[in-house]
Amino acid sequence: MKVVAVLPPSEQVQAQITMVRTLFQGHTVELATNAHELEPHLTDSEVLISTAFTPITREILQRAGRLRFIQVAGVGVDHVDLDTARELGITVAAVTGANTVSVAEHVVMVALAMMKGLIPAHNQMAQGEWSLPYWIAHARDLQGKTVGIVGMGRIGREVAMRLLPFGVTMFYYDVNPLDPDTEAQLGVTYLDLDALLIESDVVSLHMPLTPETRGLFNAERLRKMKQGAFLINTARAELVDTDALVEALRGHLGGAAIDVFSPEPPPPDHPLLKLPNVILTPHGAGVTQEAQMRIAQGVIQNVLRFLEGRPLADVIVQGTR
């Protein structure tokens, strides 16, 4: 079989592909770094390894006449046209849970950084200013604050577990509420989304991107957030109306920590890049070195299962090809 991996260029990826070629003896393994480089491999590849950085569109899938299996190198699969994959009988699988801890730690990090005013204080010091007056005026404790977690899947639960020792009040919203025992274990209380926004000092998003969640955080919802509250988005950019968020950040919101953008990377004139009260990271919350190793191992093991005809893990779409 021919396996093609469309992965962002890096020395680590190159090393992993070399290892994969050794493990997948008897099979052809090719590397592409973008959709253009994927093009020559479309017609004869049976396995595609992909990340969220390259959309796998209906057009691509329709042209991949021999493609039988897509292994996503990560958790999110909204970059793959799942309806077309299902229509064409192509199996799609992910690596569930590989970056859960990494994203949860990132959320705690940026929540603390925003509460303390860390980034502005550092920037002022780096420019030769003594930033103690700024720190005194802006730094706040996380203890005693209210955190709203929107989406209580694996990552949402890990966030709650890590915030519990900080002495915060935690509310959550999810379309499938937890059972009472799990709520008690995590120290969380269910609220509907609008009530959660009204109550929370920090709101962290952990919902998948679906037709129902796209644009869920529009101007009306953002206006419901507390004066001075912070928003954290490590999920998907399209959950939030960017223009409405920019307006809110220029008005009543205290700040935002954003790890996801549309498009990626954002253009130089993207409005979020110009605001002083944001922490921006390049869709990297879940790609620590440890997470990348877990993802790579999950991808390799699942592709080996497919090549050997064994049952797959974390199947999102069960194909028929």
Main chain of [Y], side chain of [X]: is a donor-acceptor contact present, judged purely on distance under 3.5 Å?
X	Y	value
Thr28	Lys2	no
Thr234	Ala285	no
Thr146	Ser200	no
Ser45	Leu42	no
Asn34	Glu37	yes
Arg321	Leu67	yes
Arg162	Glu158	yes
Asp314	Thr96	yes
Thr51	Phe53	yes
Asn99	Ala291	no

Could you give the distance from CG (Leu191) to OH (Tyr173), rounded to the nearest 0.5 Å?
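Reported to 0.5 Å precision, the distance equals 11.5 Å.
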So do the side chains of [X] and [Y] get within less than 4.5 Å of each other, counting heavy atoms only?
X	Y	answer
Met115	Lys145	yes
Val75	Val95	no
Val3	Glu46	no
Leu239	Leu216	no
Leu272	Leu249	yes
Ser50	Ile70	yes

Does Arg294 CZ have over 12 foreign heavy atoms under 6.0 Å away?
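Yes, the 6.0 Å shell around CZ holds more than 12 heavy atoms from other groups.
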Going by the side chain to side chain donor-acceptor pair (under 3.5 Å) test, which pairs reach into residues 255-272, not counting sequence neighbours?
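Of all non-adjacent pairs touching residues 255-272, those that pass side chain to side chain donor-acceptor pair (under 3.5 Å) are Glu238-Ser262, Asp259-Thr281, Glu264-His283.
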Scan for side chain to side chain donor-acceptor pair (under 3.5 Å) pairs involving residues 125-141, sequence neighbours excluded, and state none if there are none.
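Of all non-adjacent pairs touching residues 125-141, those that pass side chain to side chain donor-acceptor pair (under 3.5 Å) are Lys116-Asp141.
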Who are the side-chain contact (heavy atoms from CB on, under 4.5 Å) partners of Glu308, not counting sequence neighbours?
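Here the qualifying residues are Leu304, Arg310.
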Partner residues of [X] under the ring pair (Phe, Tyr, Trp, His ring centres under 6.0 Å) criterion, sequence neighbours left out:
X	value
Tyr172	Tyr190
Phe69	Phe306
His27	none

Compute whether any side-chain donor of one residue and acceptor of the other, for Asp179 and Thr182, lie under 3.5 angstrom apart.
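Yes, Thr182 and Asp179 have a side-chain donor paired with an acceptor closer than 3.5 Å.
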Please determine which of Asp241, Asp194, Asp192 meets the salt bridge (charged side-chain N to carboxylate O under 4.0 Å, His left out) test together with Arg221.
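Result: among Asp241, Asp194, Asp192, Asp194 is the only option passing the salt bridge (charged side-chain N to carboxylate O under 4.0 Å, His left out) with Arg221.
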Salt-bridge test for Glu199 and Lys226: reply yes if a basic N is under 4.0 Å from a carboxylate O, no otherwise.
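Looking at Lys226 together with Glu199, the answer is no, because their closest N to O distance does not fall below 4.0 Å.
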